[in-house]
**Student:** 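Let me give you the structure first, and then I'll get to my questions.
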Amino acid sequence: MLAPRVSQALIRSFSSTARNRLKNRVPEKQKLFQEDNGIPLYLKGGAVDNILYRVTMGLCLGGTAYGLYCLGWASFPRNK
């Protein structure tokens, strides 16, 4: 059996799409992150970084509080 032929237009369309999507954005990001504007590095990415930072800190603080609660609960056994 022969493999089905793929049209040149389809190949051209996929190759140009991939090329545009994989554009080198490193110089833009370097300028953004090396700029001295008083913003901490972990927040220079914008609103998404801010949300991720706050969610991560909330989960860490919540997990720490829950761990301490469980430790306190386990350190005082129930009387039977």
Side-chain angles (χ1 to χ4, degrees):
M1 289 193 41
L2 295 174
R5 297 186 133 236
V6 179
S7 75
Q8 290 294 83
L10 184 62
I11 291 173
R12 244 182 272 124
S13 132
F14 276 117
S15 66
S16 64
T17 309
R19 198 175 311 123
N20 291 338
R21 197 175 304 148
L22 298 174
K23 179 183 160 194
N24 185 8
R25 295 188 187 131
V26 172
E28 298 168 15
K29 295 293 183 180
Q30 282 178 336
K31 285 180 187 175
L32 173 71
F33 285 102
Q34 290 177 354
E35 189 175 298
D36 187 19
N37 54 6
I39 299 174
L41 181 65
Y42 52 89
L43 295 178
K44 282 192 176 186
V48 175
D49 277 356
N50 196 354
I51 291 169
L52 284 173
Y53 173 73
R54 290 179 187 270
V55 167
T56 302
M57 289 306 292
L59 288 171
C60 288
L61 291 173
T64 301
Y66 182 68
L68 291 173
Y69 166 77
C70 288
L71 188 62
W73 179 78
S75 65
F76 297 108
R78 290 188 252 173
N79 295 333
K80 287 188 177 182

**Student:** Drop me the distance from Tyr42's OH to Thr56's OG1, to the nearest 0.5 angstrom.
**Tutor:** 12.0 Å

**Student:** Tell me whether Lys44 contacts the main-chain N or O of Glu35 through its side chain, where contact means a donor paired with an acceptor under 3.5 Å.
**Tutor:**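 Checked: pair present.
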
**Student:** Which pair of non-hydrogen atoms, one from Gly72 and one from Ser75, has the smallest distance, and what is that distance?
**Tutor:**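 Closest pair (atom of Gly72, atom of Ser75, distance): O-OG, 2.9 Å.
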
**Student:** Not counting sequence neighbours, which residues clear ring-ring contact (aromatic ring centres under 6.0 Å, His included) with Phe33? List them please.
**Tutor:**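 Listed in chain order: nothing, the list is empty.
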
**Student:** Tell me whether the count of non-hydrogen atoms from other residues, nucleotides or ligands lying under 6.0 Å of CG in Asn37 goes above 12.
**Tutor:** yes

**Student:** Please answer: with hydrophobic residues joined when any side-chain heavy atoms are less than 4.5 Å apart, are Leu41 and Val48 in the same cluster?
**Tutor:** no

**Student:** Mind checking whether Tyr69 and Phe76 sit in one hydrophobic cluster, side chains of I, L, V, M, F, W, Y counted as touching below 4.5 Å?
**Tutor:** no

**Student:** Grab the two heavy atoms, one from Leu43 and one from Tyr53, that are nearest each other, plus how far apart they are.
**Tutor:** CD2-CB, 4.1 Å

**Student:** State which residues pass salt bridge (charged side-chain N to carboxylate O under 4.0 Å, His left out) with Glu28; sequence neighbours excluded, sorted by chain then number.
**Tutor:** Lys23

